[in-house]
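Numbers here are sequence positions counted from 1.
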Amino acid sequence: QVQLVESGGGLVQAGDSLRLTCAGSGRTFTTIAMGWFRQAPGKEREFVAAIGWRGYIIKYADSVKGRFTISRDSNSNTVYLQMDNLEPEDTAVYYCAGRRYGFVPQRQESDEYDYWGQGTQVTVSS
């Protein structure tokens, strides 16, 4: 079993940066693919970014390409989401997710992931 805890959310202005952290526990954490999703009020949960277990395969949603960077540190069982040039449209609850397998799925859907954190709120004011 894998437990995930997000942190780093907050209230920022448009153009600012934030770094979200996902701390994982469980002996299989270093061998699983990880992702970030977000859910805005009244909207469905959507994919943001994913990274394979070795960090070589990375995917981003088109809406965040060039602004967000996902990374992982297996030594500390941590996954990061660096968010730069934030926009009001980025306002959402951000969730860290892990899947039982080490590779990034073809479908970037929430049902491809097996473990979830509790979420952290990111609010971007204009």
Euclidean distance, [Y] [atom2] relative to [X] [atom1], rounded to 0.5 Å:
X   : Y    : atom1 : atom2 : result
Y56 : I51  : OH    : CD1   : 11.0 Å
E89 : S126 : CD    : OG    : 9.0 Å
F47 : D62  : CZ    : CG    : 10.0 Å
E46 : E109 : CD    : CD    : 11.0 Å

Are [X] and [Y] connected, step by step, through hydrophobic side chains (Ile, Leu, Val, Met, Phe, Trp, Tyr) whose heavy atoms are closer than 4.5 Å?
X    : Y   : answer
V93  : W36 : no
L81  : V2  : yes
V104 : I32 : no
F37  : F29 : no

For a quick test of reading the model, state the closest non-hydrogen atom pair linking [X] to [Y] and the distance between them.
X   : Y    : answer
A92 : Q121 : O-NE2, 3.4 Å
L86 : L18  : CD1-N, 3.9 Å
S17 : Q82  : CB-NE2, 3.9 Å
G52 : R72  : O-NH1, 3.0 Å

Q. Would you call M34 and L4 a side-chain contact if the rule is heavy atoms closer than 4.5 Å?
A. yes

Q | Flag side-chain contact, heavy atom, 4.5 Å: S110 against Q39 | A | no

Donor-acceptor check, side chain of [X] to backbone of [Y], threshold 3.5 angstrom: yes or no?
X   : Y    : answer
T91 : V124 : yes
R54 : G102 : no
E6  : G119 : yes

Q: Please determine if R67 forms a cation-pi arrangement with Y60, meaning its NZ or CZ atom is less than 6.0 Å from the six-membered ring centre and no more than 45° off the ring axis.
A: no

**Q.** Quiz item: cation-pi between R19 and Y80, 6.0 Å / 45°
**A.** yes

Q | Partner of M83 by side-chain contact (heavy atoms from CB on, under 4.5 Å), out of D90, L20, V48 | A | L20

Q) Do we see a donor-acceptor contact under 3.5 Å between the side chains of R99 and Y113? A) no

Q: Would you please classify the geometry between the F68 ring and the Y94 ring as parallel, tilted or perpendicular, with 30° and 60° separating the classes?
A: tilted

Q. Taking everything shown except Q106 itself, do over 12 heavy atoms lie less than 6.0 Å from its CD?
A. no

Q | More than 12 heavy atoms of other groups within 6.0 Å of I58 CD1 | A | yes

